[in-house]
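The structure under discussion appears below in the form of structure tokens.
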Amino acid sequence: MHKTEHILETRDFILSKTNYRPTVGLILGSGLGTLADEIENSVVIPYSEIPHFAKSEAVGHANELVIGELKGQAVVAMKGRFHYYEGFTLDEVTFPVRVMKALGVEKLIVTNACGAVNTSFNPGDLMLITDHINLVGTNPLIGPNNPELGTRFPDVSEVYNKELRSLALNVAAKQDLKLQQGVYAWWSGPSYETPAEIRMIRTLGADSVGMSTVPEAIVAVHGSMKVLGISCLTNMACGILDQPLNHEEVIEVASMVRTKFVNLVKGILEEM
Ligand SMILES: O=P(O)(O)O[C@@H]1C[C@H](O)[C@@H](CO)O1
Ligand SMILES: Nc1nc2[nH]cnc2c(=O)[nH]1
């Protein structure tokens with residue numbers, strides 16, 4: 001359970017570092033952190049300096065909170081996130097979402113690099129997350145509920161906000177950008193999936209699979225935030241192509257699609 005006093009202590013620490021009062025939060029996944037470099041008049045705070053923040057070691061992540069302005073919005077961005085597979089508790093993984101809410105963030109854009117399970121998708125595609133499937137058999141809200149943060153049994157019938165999704169689709173259309181849509185399955189990792197597991201995940205109804213995003217989205221909805229999820233499909237999931245998977249390919253493809261990803265998110269911010 002997240003303690004209110006910890007959240008407020010961290011909030012006050014961050015507010016002491018910037019005059020911005022962010023209303024939009026960004027969680028930037030593997031290889032997608034460069035968007036944070038475009039934030040103007042930014043204050044950059046290493047996670048190591050932030051009270052109650054864990055310290056991430058994931059490759060392809062920086063570990064900095066960046067606060068400033070982007071396309072007219074006051075934003076707070078996580079350049080680097082915490083993953084369950086790194087051994088963090090789900091409280092540690094999702095604590096930054098609580099802090100964003102306490103800072104005044106009402107809209108959260110969560111991004112990730114993930115594998116394409118739907119064979120009509122291609123590496124390099126961007127995918128708007130329409131819903132998620134939690135395959136990890138645990139939940140960030142397990143444990144005592146802090147009623148100051150949200151209800152005991154939150155509704156998750158619309159985790160990925162319909163209005164924000166249609167806004168994203170409109171922006172993609174204006175940019176003549178092919179934006180896939182699909183369901184994201186959370187697989188703990190750190191091993192990728194076997195071919196049999198990908199066949200199972202497809203049978204269960206998922207279009208993509210990754211190692212993040214779902215815990216953050218659940219906590220955001222628990223805190224009544226509006227969530228938009230955008231995935232960068234960096235590879236065909238295991239077993240679809242006759243080749244092994246590796247993280248270097250994930251980072252390489254994410255950097256190849258960086259421009260269209262950054263332009264999409266900036267376009268969305270402009271219209272939020
Ligand atoms: O933070 P995301 O979900 O983008 O990072 C994914 C999951 C692992 O960290 C890594 C696997 O290649 O990319
Ligand atoms: N679980 C999982 N995470 C990923 N992140 C990037 N690609 C993949 C993948 O194929 N599977």
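Hydrogens, waters and symmetry mates are skipped; everything else that's a heavy atom, side chains included, is used. Atoms within each ligand, like the ligands themselves, are counted from 1 in listed order.
Taking the six-membered ring where the residue is Trp, H2 and F95 present tilted rings, their angle falling between 30° and 60°. Ring geometry for Y160 against H132 counts as perpendicular: the plane angle is over 60°, on a 0 to 90° scale with 30° as the lower cut.
The closest side-chain donor-acceptor pair between S120 and N118 falls under 3.5 angstrom. With no hydrogens or angles considered, no side-chain donor-acceptor pair links S212 and N112 at under 3.5 Å. Side-chain contact check for N63 and S48: no donor-acceptor pair (N or O, by modelled atom type) lies under 3.5 Å.
Every atom of ligand 1 is numbered from 1 in the order shown, and the set under 4.0 Å from a heavy atom of R81 is 1 (O), 2 (P), 3 (O), 4 (O). The N112 neighbourhood of ligand 1 comprises atoms 3 (O), 4 (O), with distances under 4.0 Å to a heavy atom of that residue. Interface atoms of ligand 1 facing G29, defined by a heavy-atom separation under 4.0 Å, are 1 (O), 4 (O). Shown in contact with Y85 at under 4.0 Å from a heavy atom are these atoms of ligand 1, numbered in order with element: 8 (C), 9 (O). Taking every non-hydrogen atom of T234 and a distance limit under 4.0 Å, the qualifying atoms of ligand 2 come out as 6 (C), 7 (N).
Between L135 and A185, the shortest heavy-atom distance links the atoms CD1-CB, 3.9 Å. In this structure, L204 and I133 approach most closely via the heavy-atom pair O-CD1, 3.5 Å.
The heavy atom nearest to atom 2 (C) of ligand 2, considering only H83, E193, E197, is found in E193. When the heavy-atom distances from atom 7 (C) of ligand 1 to E216, H247, M211 are ranked, the shortest goes to M211. The residue from S191, G189, S212, A113 that puts a heavy atom closest to atom 6 (C) of ligand 1 is A113.
Between K174 and E270 there is no salt bridge, since none of the side-chain N atoms of the basic residue sits less than 4.0 Å from a carboxylate O of the acidic one.
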Check against side-chain contact (heavy atoms from CB on, under 4.5 Å), L149 and K101: CA-CA 9 Å; L149 303 179; K101 170 75 176 181; over 6 Å; no
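Nearest to atom 5 (N) of ligand 2 among the protein's heavy atoms is A113 O, 3.2 Å. The nearest protein atom to atom 8 (C) of ligand 2, hydrogens excluded, is given as G115 N, 3.4 Å; this is a heavy-atom distance.
For ligand 2, one of its N or O atoms has an N or O atom of N235 under 3.5 Å away. Not one N or O of L245 is nearer than 3.5 Å to an N or O of ligand 2, by distance alone.
Contacts between V209 and ligand 2 below 4.0 angstrom, taking non-hydrogen atoms only, involve backbone and side chain alike. With a 4.0 Å cut-off on non-hydrogen atoms, V250 touches ligand 1 through its side chain and not its backbone.
Considering NE2 of H83 and CE of M211, their distance stands at 8.5 Å, rounded to 0.5 Å.
By the 4.0 Å heavy-atom criterion, G210 is counted among the residues contacting ligand 2.
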